[in-house]
Amino acid sequence: MLLQQQALLRQKLLVLGSLAVGSLLYLVVRVGSLDRLQPTCPLDGSLRPPDAGQILLRSLQFKRVLLLHELRKGNGTPEQVHLHAPVQQLPRALIVGVRKGGTRALLEMLNLHPAVVKASQEIHFFDNDQNYARGIDWYRGKMPFSFPHQITIEKSPAYFITEEVPERIFKMNSSIKLLVIVREPTTRAVSDYTQVLEGKERKNKTYRKFEELAVDEATCEVNTKYKAVRTSIYTHHLERWLHFFPAEQFHVVDGDRLISDPLPELQLVERFLHLPAAISRSNLYFNATRGFYCLRFSLLFNKCLAGSKGRTHPAVDASVVEKLQRFFHPFNQKFYQITGRTFDWP
Ligand code: A3P
């Protein structure tokens, strides 16, 4: 009898213990993934106190959680309910390109900020005539739900090079903030080629070598008809945008530095978007296996970009690399002049 009672007690304790551990784990994951707060204990040893911006942001978040709790219980005025209900907002900032510049990494990293909500998919609203004909409400309907104090960001890299896009975006919002992420132009062109090559190989198709596509066989000059080359003439595309938007509405992100040391680049974007500084070193960690920085949302929730980001590039003939670098040089100089941002590209 006594043994039976002891066994029953042990069973009860076991169930209670598992429930307590389960709830604790649930809370840690949920708080981390929903509100994207930084871990209370940064893992990289940088125990700097949060700055004023972060404290303000956290207290705002806390107040919002309290208010939402009250609203959910039905204790809010209709105005409060309306003001604080999540809605689908049109983007107030767009990552317009450049393809293979690091557009996905930039979007995902900005999404670490509690005041930023990303549109996960590339919507291709402004560059695709069929989508554009569906109208602005269709576009809004593709946006994630967010709170009024948050900003939505969408990225579709094809926007940068598509003729009609700047005017269409201007018609939606003439004061929208525009982000352009660039990499050294020859590296970007090879990255572009690598993506197409992988697609061909997946379909068991053959594809010409990069050197054959990038250099015109007849003239031995750089082949400007090759799309991967044309896309890397950044100034050529940017100048079209400047017919609609002033240079101050653009922020150029250094895609090469976003790979090697992302935080300073993200901090520049925070400033450009007038957001309080909230992304910190503890949100990013270098993953040696991937060879890239990955994202840390909470103590238990980390994420690296998909394997399609960070492919191994094929070796390219040194003379072709040099030819391309010489070709891009004058365009790069003009790009620096227009944007006010200089890179150490060859
Ligand atoms: P590669 O695949 O050539 O290395 P996009 O998202 O615009 O297509 O850009 C893809 C590029 O993002 C990749 O090009 C990769 O170098 C770069 N990138 C930048 N930060 C990254 C990160 N944290 N993880 C993976 N790729 C990253």
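For the single chain, residues carry numbers from 1 onward in sequence order. Remember, it's 1-based here, ligands and their atoms both numbered in the order they're listed.
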So F126 and Y132, would you call those rings parallel, tilted or perpendicular, with 30° and 60° as cut-offs? tilted

Any carboxylate oxygen within less than 4.0 angstrom of a Lys/Arg side-chain nitrogen, looking at E198 and R202? yes

Could you list all the disulfide (SG to SG under 2.5 Å) pairs where at least one residue sits in residues 284-346, not counting sequence neighbours? C294-C304

Who clusters with F292? Use side-chain heavy atoms, under 4.5 angstrom, across I, L, V, M, F, W and Y, and order the result by chain and number. I259

Which pairs of N or O atoms, one from ligand 1 and one from the protein, are separated by less than 3.5 Å, and what is the distance for each pair?
| from | atom 1 | to | atom 2 | distance (Å) |
| --- | --- | --- | --- | --- |
| ligand 1 | 2 (O) | G310 | N | 2.9 |
| ligand 1 | 2 (O) | R311 | N | 2.9 |
| ligand 1 | 3 (O) | S191 | OG | 2.6 |
| ligand 1 | 3 (O) | H313 | NE2 | 2.6 |
| ligand 1 | 6 (O) | T103 | N | 3.4 |
| ligand 1 | 6 (O) | T103 | OG1 | 3.4 |
| ligand 1 | 6 (O) | R104 | N | 3.0 |
| ligand 1 | 6 (O) | K309 | NZ | 3.1 |
| ligand 1 | 7 (O) | K100 | N | 3.2 |
| ligand 1 | 7 (O) | G101 | N | 3.4 |
| ligand 1 | 7 (O) | G102 | N | 3.1 |
| ligand 1 | 7 (O) | T103 | N | 2.8 |
| ligand 1 | 7 (O) | T103 | OG1 | 2.6 |
| ligand 1 | 8 (O) | K100 | NZ | 2.9 |
| ligand 1 | 8 (O) | K309 | NZ | 2.9 |
| ligand 1 | 9 (O) | G102 | N | 3.1 |
| ligand 1 | 14 (O) | R183 | NH1 | 3.1 |
| ligand 1 | 23 (N) | Y293 | O | 2.8 |

May I ask you to check whether over 12 heavy atoms, not counting those of Q121, lie within 6.0 Å of atom CD? no

Restricting to pairs with a member in residues 164-185, which pass ring pair (Phe, Tyr, Trp, His ring centres under 6.0 Å), not counting sequence neighbours? F170-F245

